[in-house]
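Reviewing the structure listed below.
Just so you know, these numbers come straight off a predicted model, no measurement behind them.
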Amino acid sequence: MATMKDVARLAGVSTSTVSHVINNNRFVSEVIREKVTSAIRELNYAPSALARSLKLNQTRTIGMLLTASSNPFYAEVVRGVERSCYERGYSLILCNTEGDKDRMDRSLETLLQKRVDGLLIMCTESHLPSAEILGRYPSIPSVMMDWAPFEGGSDIIQDNSLLGGEMATQHLISRGYTRIACIAGPQDKTPARLRLEGYQRAMATAELPILPGYLVDGDFEFEGGFNAMQQLLTLEPRPQAVFTSNDAMAVGVYQALYQAGMTIPQDMAVMGYDDIELARYMTPPLSTIHQPKDELGELAIDTLLHRLSSPGASQQLLVLTPELIARASVGER
């Protein structure tokens, strides 16, 4: 494999001149530039990213740990992260932990050994990243993107799930619904707990009772929403509306209602959370709480880059503001 020295020798120039031509970071005459590029073509030389990273002490690479699932929300967040990396001249290495603690720690160690410049972590709260592993690489900054409390030096990006859950429920109340059920997310996740608390707060403020059986725990997945809605349909009196704590479960709710021969919103109003891309194409389009997923990716990358340039800056806690998106799945009572 040809080296930069081989290129310099063939072109009759110094290795620094070859470097200037490759990186285009200093003036080189057209005659010399042509000699270098001809030598590169003749030798089929490719610059070594590893050598460059060792020299500059940076790899221009971001690592991301993600507990992925069938929920489209995660794919849309990753798309925003990858786009932001590309626009800033970085590459992204994505590792799916699949909710497995050992796999997460192994992937974490691998990413840090590869000397990624920064780390994004979007995993379940029951399997937090190893503080011991992170402690061995104190110079590599990290951003927690799963909105979980974390005792460490990471910057944190949180969704204001309490406000979002309250807004979703208030929207249903403002449309005249009084018997409102809630399909909550897994209660070992902070966002799920806060969205449920927002629902309870809105119901209490409006002095509306939460009837027996109207609270059902889901899992943030399609099937969880389907099963929870089937459970709600057995109740008497039946709910008039349901706040589903994420859009993936709302898709399952739609299927359960379809199989029961019910119409949305005439027989049951449905409110989601996340505003995944699919939400606007459902029949009818899903009313939901918008999370700025592209902005989340951009903010996470910019926070990492700020930390790289200012490693001594104080820890940041960034809160994203939810937005109500009213569509046709919620009618008027």
Side-chain angles (χ1 to χ4, degrees), residues 71 73 161-276 278-279 282-290 322 324-333:
N71 183 354
F73 171 78
S161 289
L162 176 62
L163 175 60
E166 194 169 9
M167 288 168 59
T169 311
Q170 284 173 342
H171 179 60
L172 292 169
I173 294 169
S174 71
R175 294 297 185 94
Y177 296 96
T178 56
R179 298 199 307 273
I180 303 171
C182 176
I183 301 176
Q187 293 301 291
D188 62 343
K189 296 179 184 293
T190 298
R193 289 196 301 271
L194 290 176
R195 290 172 196 178
L196 173 58
E197 185 180 337
Y199 158 79
Q200 293 169 323
R201 178 181 294 185
M203 294 292 282
T205 300
E207 298 183 345
L208 293 174
I210 299 174
L211 299 180
Y214 272 40
L215 284 182
V216 183
D217 285 345
D219 58 3
F220 277 167
E221 304 292 338
F222 299 124
E223 187 176 5
F226 177 82
N227 293 335
M229 192 70 243
Q230 285 193 317
Q231 184 176 332
L232 288 171
L233 290 177
T234 65
L235 299 176
E236 285 294 340
R238 181 181 284 170
Q240 300 165 331
V242 58
F243 165 45
T244 310
S245 296
N246 78 341
D247 289 351
M249 290 195 299
V251 174
V253 166
Y254 269 50
Q255 179 64 15
L257 293 172
Y258 170 76
Q259 290 188 12
M262 299 177 66
T263 307
I264 302 169
Q266 290 84 350
D267 299 318
M268 182 79 65
V270 182
M271 186 78 199
Y273 200 112
D274 283 341
D275 195 24
I276 60 176
L278 177 63
M282 295 165 69
T283 305
L286 177 66
S287 294
T288 186
I289 299 296
H290 175 74
L324 174 68
I325 305 295
R327 299 193 180 106
S329 66
V330 176
E332 295 275 359
R333 292 293 295 179

Distance in Å, Ile264 CD1 paired with Leu257 CG, rounded so as to fall on 0.5 Å steps: 5.0 Å

Sequence neighbours excluded, which residues qualify as side chain to side chain donor-acceptor pair (under 3.5 Å) partners of Thr205? none

Please identify each residue that fulfils side chain to side chain donor-acceptor pair (under 3.5 Å) with His171, with sequence neighbours left out. none

For the backbone of Gly176 and the side chain of Glu332, can you confirm whether one donor and one acceptor N or O come within less than 3.5 Å of each other? no

Charged N-O contact under 4.0 Å between Arg193 and Glu197: no

For Leu196 and Ser245: C-alpha separation, side-chain torsions, deciding distance, then whether side-chain contact (heavy atoms from CB on, under 4.5 Å) applies. CA-CA 8 Å; Leu196 173 58; Ser245 296; 5.8 Å; no

Sub-4.5 Å side-chain heavy-atom contact between Leu324 and Met271: yes

Between atom OH of Tyr273 and atom CD1 of Ile289, what is the distance when rounded to the nearest 0.5 Å? 6.5 Å

Interatomic distance, CG@Asp275 vs CZ@Phe73, rounded to 0.5 Å, equals 11.0 Å

Mark yes or no for whether Asp219, through its side chain, and Glu221, through its backbone, hold a donor-acceptor pair below 3.5 Å. yes

Going through the distances and angles, do Ile180 and Tyr199 end up as a side-chain contact (heavy atoms from CB on, under 4.5 Å)? CA-CA 9 Å; Ile180 303 171; Tyr199 158 79; 4.0 Å; yes

Write out all pairs satisfying salt bridge (charged side-chain N to carboxylate O under 4.0 Å, His left out) with one or both partners inside residues 247-259, taking only residues at least two apart or from two chains. none

So, Arg327 side chain and Leu286 main chain: donor-acceptor pair closer than 3.5 Å or not? yes

Where Ser329 and Tyr254 come nearest, the two heavy atoms and their spacing: CB-OH, 3.2 Å

Is the closest side-chain heavy-atom distance between Phe243 and Leu172 below 4.5 Å? yes

Is any side-chain heavy atom of Thr169 closer than 4.5 Å to one of Arg201? no

Distance (rounded to the nearest 0.5 Å) between Thr288 OG1 and Ile325 CD1: 8.0 Å

What are the two closest non-hydrogen atoms of Asn71 and Phe220, and how far apart are they? ND2-O, 3.8 Å

Can you list everything that forms a side chain to side chain donor-acceptor pair (under 3.5 Å) with Arg175? Sequence neighbours excluded, please. none

Give the minimum heavy-atom separation between Gln170 and Ala202, together with the two atoms involved. CG-CB, 3.9 Å

For Ser161, all residues meeting side chain to side chain donor-acceptor pair (under 3.5 Å), sequence neighbours excluded: Asp159, Arg195

List the atom pairs, with distances to 0.1 Å, where a side-chain N or O of residues 226-238 and a protein N or O form a donor-acceptor pair under 3.5 Å, not counting sequence neighbours.
| unit_1 | atom_1 | unit_2 | atom_2 | d |
| --- | --- | --- | --- | --- |
| Asn227 | ND2 | Glu223 | O | 3.4 |
| Thr234 | OG1 | Gln231 | O | 2.6 |

Locate the shortest heavy-atom distance separating Ala328 from Ser287; write the atom from each residue and the value. N-OG, 4.2 Å

Any side-chain heavy-atom pair of Tyr177 and Val330 under 4.5 Å: yes

